[in-house]
J.: 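Quick one: the structure is below, questions incoming.
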Amino acid sequence: MMTPVYKRILLKLSGEALMGDQEFGISSDVISSYARQIKEIVDMGVEVGIVIGGGNIFRGLSGESQGMDRVTGDHMGMLATVINSLALQNSIEKLGIPTRVLTAIEMPQIAEPYIRRRAERHLEKGRVVIFGAGTGNPYFTTDTAAVLRAIEINADVVIKATKVDGIYDKDPVKYTDAVKYDTVTYSEVLNKNLKVMDAAAISLCRDNKLPLIVFNSLVEGNIKKVVLGECNCIGTKVI
Ligand code: UDP
């Protein structure tokens, strides 16, 4: 059997990518593909924490642009991440992998509250842990929540799933001569303003020496490749 290079990972899944070809909501194809890919790495013995975004349902900033109070919008955005977390839990559990959702905003009727030691216990027992409701605070993103949780649970790496296959020196959709980095430093990401994660998340990674890998999760099998250390051919590592 192939040996994973990471024992415990924090996987950041984008809410937006969950839409697939739809304009809104959750694509059953995308969420099933995520679940299958997560099962593959759990079966290899990897402990998996997950943060999933909410951009497929609601973002605080878009609420604000329509005249809504930003804090209220962010609360709605965090609730959107809980909807996605429950949907993902359902898909993973259908494949026979025990999964717990822990939320940063308490809603005990539908999920456990986030308690770090409890999260670690679930992970040690081989359960997938999905961290819902972001950091629990407005004005943050789920990228920052992912890095924060990764540090708290002592994850070896944050693996950020996107719709492109890594980090480029410029937008590969707009520029055909854009060049992909195999590795890049946190300082370069910040100084060159490369669009990877928001500055708060990148700084938190850098200050805590947490490696980050950015890759395309829409190609099935990629999560396993990253966990097996094949990230150079399919993603970008930030160190
Ligand atoms: N959010 C928040 N605090 C957090 C995490 C998220 O207020 O700690 C809100 C914010 O409004 C954000 C929304 O939840 O826009 C959805 O998260 P995000 O935009 O990060 O999702 P993604 O881009 O990954 O789909």
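Keep in mind the model is a prediction, meaning the values are calculated, not measured. All ligand and atom numbering here is 1-based and tracks the order in the structure.
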J.: Where the side chain of Asp74 meets the backbone of Tyr139, is there a donor-acceptor pair that is under 3.5 Å apart?
T.: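 Yes; at least one donor-acceptor contact below 3.5 Å.
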
J.: Are Phe131 and Tyr114 close enough that their ring centers fall under 6.0 Å?
T.: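 Ring centroids of Phe131 and Tyr114 are less than 6.0 Å from each other.
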
J.: Is the closest side-chain donor-acceptor distance between Thr141 and Asp198 under 3.5 Å?
T.: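 Judged by distance alone, the side chains do pair up.
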
J.: Could you tell me, atom by atom, which parts of ligand 1 come under 4.0 Å of a heavy atom of Gly54?
T.: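 Counting from 1, the qualifying ligand atoms are 16 (C), 17 (O), 21 (O), 22 (P), 25 (O).
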
J.: Using the salt bridge (Lys or Arg N to Asp or Glu O under 4.0 Å) definition, which of the options Arg149, Lys12, Lys195 pairs with Asp143?
T.: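 Single salt bridge (Lys or Arg N to Asp or Glu O under 4.0 Å) partner of Asp143 among Arg149, Lys12, Lys195: Lys12.
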
J.: What's the shortest heavy-atom distance between Val219 and Gln37, and which atoms?
T.: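 Smallest interatomic distance, heavy atoms only, reads O-OE1, 3.8 Å.
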
J.: Any N/O of Phe140 closer than 3.5 Å to an N/O of ligand 1?
T.: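 Among all N and O atoms of Phe140, at least one is under 3.5 Å from an N or O of ligand 1.
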
J.: Any heavy atom of Met76 closer to ligand 1 than 4.0 angstrom?
T.: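 No, that is not the case, since the closest heavy atom of the residue is not under 4.0 Å from the ligand.
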
J.: Does NZ or CZ of Lys170 come closer than 6.0 Å to the centre of the six-membered ring of Tyr175, within 45° of the ring's axis?
T.: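 Because its charged atom sits under 6.0 Å from the ring centre and within 45° of the axis, Lys170 does stack over Tyr175.
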
J.: Quick one: does Asn137 get a heavy atom under 4.0 Å from ligand 1?
T.: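 The answer is yes: ligand 1 sits under 4.0 Å from a heavy atom of Asn137.
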
J.: Which atoms from ligand 1 have a heavy atom of Lys12 less than 4.0 Å away?
T.: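 What qualifies from ligand 1 is 24 (O).
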
J.: Should Arg59 be counted as touching ligand 1, given the test is an N or O pair under 3.5 Å?
T.: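 There is such a contact, yes.
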
J.: Atoms of ligand 1 less than 4.0 Å from Gly55 heavy atoms?
T.: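 Every atom of ligand 1 under 4.0 Å from some heavy atom of Gly55: 21 (O), 22 (P), 25 (O).
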
J.: Rounded to the nearest 0.5 Å, what's the gap from OH on Tyr186 to CG on Leu204? Could you check?
T.: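 One finds 10.0 Å between OH of Tyr186 and CG of Leu204.
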
J.: What residue and heavy atom of the protein are closest to atom 12 (C) of ligand 1, and at what distance?
T.: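 The closest one turns out to be Gly60 N, 4.2 Å.
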
J.: Relative to atom 20 (O) of ligand 1, which among Leu18, Thr162, Thr142 owns the nearest non-hydrogen atom?
T.: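 Residue with the shortest heavy-atom distance to the ligand atom: Thr142.
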
J.: Please report the interatomic distance CZ(Arg127) to CD1(Ile92), rounded to the nearest 0.5 Å.
T.: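 Reported value, rounded in 0.5 Å steps: 14.0 Å.
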
J.: Atoms of ligand 1 less than 4.0 Å from Gly15 heavy atoms?
T.: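 Here the atoms of ligand 1 in question are 22 (P), 24 (O), 25 (O).
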
J.: Looking at Thr135, which atoms of ligand 1 are within less than 4.0 Å of one of its heavy atoms?
T.: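 Result: 4 (C), 8 (O).
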
J.: Please state which protein non-hydrogen atom is closest to atom 5 (C) of ligand 1 and give its distance, to 0.1 Å?
T.: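 For atom 5 (C) of ligand 1, the nearest protein heavy atom is Thr141 C, 3.5 Å.
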
J.: Please report the interatomic distance CG(Asp29) to CG(Leu18), rounded to the nearest 0.5 Å.
T.: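 Here the interatomic distance stands at 11.0 Å.
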
J.: Show the atoms of ligand 1 that are less than 4.0 angstrom away from any heavy atom in Glu16.
T.: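 Heavy-atom distances to Glu16 below 4.0 Å select 25 (O).
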
J.: Specify the protein heavy atom at minimum distance from atom 14 (O) of ligand 1: its residue, its atom name, and the distance to 0.1 Å.
T.: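 Checked against all protein heavy atoms, atom 14 (O) of ligand 1 sits closest to Gly77 C, 3.1 Å.
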
J.: Which ligand 1 atoms are under 4.0 Å away from a heavy-atom of Asp74?
T.: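 Close to Asp74: 7 (O), 9 (C), 10 (C), 11 (O).
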
J.: Which value, rounded to the nearest 0.5 Å, describes the distance between Glu220 atom CD and Glu40 atom CD?
T.: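 Rounded to the nearest 0.5 Å, the CD-CD separation comes to 7.0 Å.
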
J.: Does ligand 1 have any atom sitting under 4.0 Å from a heavy atom of Pro138?
T.: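 Yes.
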
